[in-house]
Amino acid sequence: MALPYTHHYDLSFFALNLKKFGSSHLQPFCCLRCNSSVSSSPFTEKHSLHRYQRDQWVYNNNNQQRPSLSCDDEAASCSVPADSDSIRLNDIAFQLPELRKLLQVLKHKRESCGGQVPKNGLGDVFLVGTGPGDPDLLTLKAVKVIQKADLLLYDRLVSNAVLDLVGPDARLLYVGKTAGYHSRTQEEIHELLLSFAEAGATVVRLKGGDPLVFGRGGEEMDFLQQQGIQVKVIPGITAASGISAELGIPLTHRGIANSVRFLTGHSRKGGTDPLFVAENAADPDSTLVVYMGLSTLPSLAQKLIHHGLPPDTPATAVERGTTPQQRMVFAKLKDLADKIKTAELVSPTLIIIGKVVALSPFWPQSLTEASRLVEV
């Protein structure tokens, strides 16, 4: 997997703002302890063993300070006592020497290729959707791009099964975000994409689901295009489509749901209440799909009911949909939040609300009820 680092240069890696990472401020990364309760996660949790095994190349320059992992289960996820900005910055600082080396290797490779590189010397950036987790749901185009990439920046919700398809000579770098911990800020991700594209590399940005559905892919595309970088988007099966199909729920159905609406349970930091859409979304003839809505569902459900959506509207919440670790609860809208709490569902969980949910073979009420709904 290793690239031959035969060329060493004195490089000012502007994109990562080295002034923030003075060596005198580096502290050894804390020992990570495993939590067996989340060992079966199909995704890259924030401090999982999978992440450090996959990205070990980027810590080569700091063998004495790299994360200390002790896990009985190779797939176990690990957690640190507390997240802080200093932990994040230290982790980035440990990675910088190897990132600089890789950047220079790619530049040298570009310069040695003669006419095989674009006239402007710039590489391509691909925004690739990896779907909700099942690798069999990837498009053929996505697989081809993943296997030919030089560097892949991947999010938390790109499943381990998908990452196993990456080519042996590629480099993987985790840039995932979860509540309370962003391994990279969005601005840092932008600059990483730009720096490696300017070096002539084939850079792939892997995102769970579809990159342009609540994936901030539009922001990355806009930033890079303004810098003159060509961006190609490879769509993925968004969670709404993949998970609803898995459960046998048609998002639209003649005579039952004439539209579908995707909602986010989160707003931008400092933004307005993300639930302000409830007044317009409370349509009994529409299907609502709520992304990232675990924490705000109790309030959202109340507002939807207040604005006219029947309390008995069928609904479901699906954790880690389409993966072997999938869990789900079905309930009427008025009871869904309590059912989620009892089942202790965790992120990522998708919520589907609408009469079409009763068409699923998993709907707990009798099939007679679903048949009657279709007839009506």
Side-chain angles (χ1 to χ4, degrees), residues 40-45 48 50-51 54 75 125-149 152-167 170 172 174-178 204-218 220-221 232-253 260-264 287-293 316-330 345-352 354 356-357 359-362:
S40 61
S41 175
F43 303 110
T44 304
E45 303 304 334
S48 70
H50 265 133
R51 170 193 170 185
R54 189 179 292 122
V125 174
F126 295 87
L127 303 183
V128 178
T130 62
D134 182 353
D136 289 342
L137 295 179
L138 282 171
T139 65
L140 290 174
K141 193 171 185 179
V143 172
K144 291 177 182 178
V145 168
I146 287 172
Q147 292 179 339
K148 74 174 185 180
L152 302 99
L153 308 183
Y154 66 101
D155 281 346
R156 174 201 167 207
L157 297 184
V158 177
S159 70
N160 294 315
V162 169
L163 292 171
D164 287 341
L165 300 173
V166 172
L172 280 156
Y174 179 70
V175 293
K177 301 173 186 175
T178 188
V204 171
R205 179 75 170 98
L206 293 178
K207 293 175 175 287
D210 184 274
L212 301 184
V213 179
F214 299 131
R216 305 190 71 172
E220 294 169 3
M221 182 168 56
K232 300 176 182 177
V233 179
I234 299 178
I237 294 179
T238 188
S241 296
I243 293 173
S244 63
E246 184 82 5
L247 272 58
I249 299 174
L251 292 177
T252 61
H253 193 95
V260 59
R261 186 164 186 172
F262 298 167
L263 308 177
T264 173
T287 303
L288 303 181
V289 183
V290 185
Y291 292 70
M292 303 169 287
T316 183
V318 189
E319 173 194 308
R320 299 168 177 174
T322 77
T323 73
Q325 294 79 14
Q326 175 177 293
R327 296 196 300 149
M328 56 191 174
V329 297
F330 284 78
L345 298 189
V346 299
S347 173
T349 291
L350 189 79
I351 297 164
I352 305 175
V356 290
V357 174
L359 300 179
S360 169
F362 298 103

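Hydrogens, waters and symmetry mates are skipped; everything else that's a heavy atom, side chains included, is used. Residues: numbered from 1 along the sequence shown.
Considering Leu138, Val233, Val204 as possible partners of Val128, the one that fulfils the side-chain contact (heavy atoms from CB on, under 4.5 Å) test is Val204.
With sequence neighbours excluded, the residues forming a side chain to side chain contact (heavy atoms under 4.5 Å, CB included) with Leu137 are Pro132, Asp134, Ile237, Thr322, listed by chain and number. Every residue meeting the side chain to side chain donor-acceptor pair (under 3.5 Å) condition with Thr323, not counting sequence neighbours, appears here in chain and number order: Gln325. A search for salt bridge (charged side-chain N to carboxylate O under 4.0 Å, His left out) contacts involving Glu319 returns Arg327, not counting sequence neighbours. With sequence neighbours left out, Lys232 forms a salt bridge (charged side-chain N to carboxylate O under 4.0 Å, His left out) with Asp124. Here Leu157 pairs with Phe43, Pro348 under the side chain to side chain contact (heavy atoms under 4.5 Å, CB included) rule; sequence neighbours left out. Residues satisfying the side chain to side chain donor-acceptor pair (under 3.5 Å) test with Gln147, not counting sequence neighbours, are none. Residues forming a side chain to side chain contact (heavy atoms under 4.5 Å, CB included) with Thr139 (at least two apart in sequence, or on another chain): Lys141, Ala142, Ile234. By the side chain to side chain donor-acceptor pair (under 3.5 Å) test, Asp210 is found to be paired with no residue, residues two or more places apart in sequence or in another chain being considered. Qualifying side chain to side chain contact (heavy atoms under 4.5 Å, CB included) partners for Met292, counting only residues two or more places apart in sequence or in other chains: Phe214, Thr264, His266. Every residue meeting the side chain to side chain donor-acceptor pair (under 3.5 Å) condition with Thr238, not counting sequence neighbours, appears here in chain and number order: Tyr291. The salt bridge (charged side-chain N to carboxylate O under 4.0 Å, His left out) search around Arg261 returns none, not counting sequence neighbours.
In this structure a side-chain-to-backbone donor-acceptor pair under 3.5 Å is present from Thr316 to Val329. Panel note: side chain Thr130, backbone Val158; no donor-acceptor pair is recorded below 3.5 Å.
In this structure, Leu350 and Val289 have side chains that are in contact, with non-hydrogen atoms separated by less than 4.5 Å. Proximity of Val162 to Tyr154: side-chain heavy atoms (C-beta onward) are nowhere separated by under 4.5 Å. Counting only heavy atoms from C-beta outward, the side chains of Asp155 and Val175 approach each other to under 4.5 Å. Asn160 has its side chain within reach of Thr44: a pair of non-hydrogen atoms, C-beta onward, lies under 4.5 Å apart.
Across all their heavy atoms, Ser159 and Gly133 have their closest contact at OG-O, 2.7 Å. Nearest heavy-atom pair across Ile249 and Ser360 is CG1-CB, 3.6 Å. Between Pro42 and Arg320, the closest heavy-atom pair is CD-CD, 3.8 Å. Closest heavy-atom contact between Val145 and Phe126: CG1-CG, 3.6 Å.
How far CG of Leu251 is from CZ of Phe262: 6.0 Å, rounded to the nearest 0.5 Å. We find the CE-CG distance between Met328 and Leu247 to be 5.0 Å, quoted to the nearest 0.5 Å. Between the CG atom of Leu206 and the CG atom of Leu163 there is a distance of 6.5 Å, given to the nearest 0.5 Å. Here His253 contributes atom NE2 and Leu359 contributes atom CG; the two are 5.5 Å apart, rounded to the nearest 0.5 Å. Note that CZ of Arg205 is 9.5 Å distant from CZ of Arg216, once rounded to the nearest 0.5 Å.
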